[in-house]
Amino acid sequence: MKINENRLANDFNYITSQSSTELGCTRLSYSSEDLKVREYITEKLKNIGAEITVDSVGNIRAKYNPANLNTKSLLIGSHIDTVPNGGKYDGLTGTLASLEVIRVLYENHVEIKHPVELVIFAEEEGSNFGSTMIGSKYITKKINLDDLKKLYTDLDQIAFEYIRERGFTFAPEKDNYVDGTDELAMIELHVEQGGILDKKGLSLGIVQAIAGMNTIQIKVKGVSNHAGSTPMKYRKDSLLAAGEMIYKLSKLVEGYESAVITVGKISVSPNASNVIAAETIFNIDIRDVVQENIDKISEKAKELCIEIAANNEVEIEVKLVGSSKVVHMDESLVNIIQDQANKNNLSNMRMNSGAVHDNAMLNGIIPTAMIFVPSIGGISHSPYEDTKFTDILAGVELLLHTVAKIVS
Ligand SMILES: [Zn+2]
């Protein structure tokens, strides 16, 4: 079985040219660029006899089932939308790799015992309504139509109306959900969006787990006063207390193998250079692939902040504002993929994912696995995102042989 490299390169060239900005790739779900790419990909799948369905939120399922089998499908695929001024490879790499796999199966008349289904999840990046993975959440019934009536665009249009205006018909009762009845498993190929593979000079990562996360909001309340006339010892400075918290929080993950802690969002009020800050609000983002560690570190983070607040004589409010559990990939799929990579002499390692993917939404319903290809310099969600074409080819080769092994 041979991958058609030129064909794949042409697909990348055409699709990455469908961008609403010169800088990087901007292809938001439901935009005219997105609609063109949907047509481009589905046309190619129709030509080889795949049966295409599109659900209410725009998830595409293309079922390649040449022998009209009545068995469960193996799902492969990813997304085609980007963040504003994003890169060429996030999402698209997995989608085009999956397209190429199905074309190669078709050309080689590979006899399959399970249909292979390309899934393109809509609105993964959350660029339209500020909420990520709309498509994969909808397809797994984690959100429904009512939820889409509570989300808005930047211009205050209701998500549901916005999607409908773009030509998608809402018919939830007819939609094809992923519930395990017709689906065997899902394998998603994606760019790593981190720098581990690039640093190690390896072509492929075989994902074992996707990190879970807690987001804790800390509100520190002090007293605002004059920056000139208030002696240091009489101050209740919320920002000074927050500063101490932020610095000490970063030390909480010392000794843990893979846990990370980040404060990347902060707001200060009144935010004036000559006024002592009355209120400082910041978010703590804690992630790891061990759920127990996330819980433990979160608890310590709360205790630490409360203690520092007390020492600084400021008030504090602690609130958990976001949470996602650790997702473990299916061990037997992971083994099949790694055996195949080794058999094909493709350099690889087992690793974890710090970023959440559509795949995680399907996990727990059907067995899932992921294959990573390197991101040069670990850069993603940026116009400078890049992956070597030879690494993409290694990824396609691994996906192809893994799919063939499972379905034939
Ligand atoms: Zn992505």
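Quick caveat, the model's predicted, so the values are computed rather than measured. For ligands, and for the atoms within them, numbers begin at 1 and follow the listed sequence.
- Between Tyr152 and Tyr162, the gap from one ring centroid to the other reaches at least 6.0 Å.
- Between Lys248 and Glu307 there is no salt bridge, since none of the side-chain N atoms of the basic residue sits less than 4.0 Å from a carboxylate O of the acidic one.
- With a 6.0 Å cutoff to the six-membered ring centre and a 45° limit on the axis angle, Lys44 counts as a cation-pi contact of Tyr40.
- Salt bridge annotation for Arg164-Glu161: present, with a cationic side-chain nitrogen under 4.0 angstrom from a carboxylate oxygen.
- Between Glu33 and Arg27 there is no salt bridge, since no side-chain nitrogen of the basic residue lies less than 4.0 Å from a carboxylate oxygen of the acidic one.
- Protein N/O/S atoms closer than 2.8 Å to the Zn ion (ligand 1), listed by chain and residue number, are His79 NE2, Asp90 OD1, His190 NE2.
- Note on ring orientation: taking the six-membered ring where Trp is involved, the planes of Tyr177 and Tyr138 are tilted (angle from 30° to 60°).
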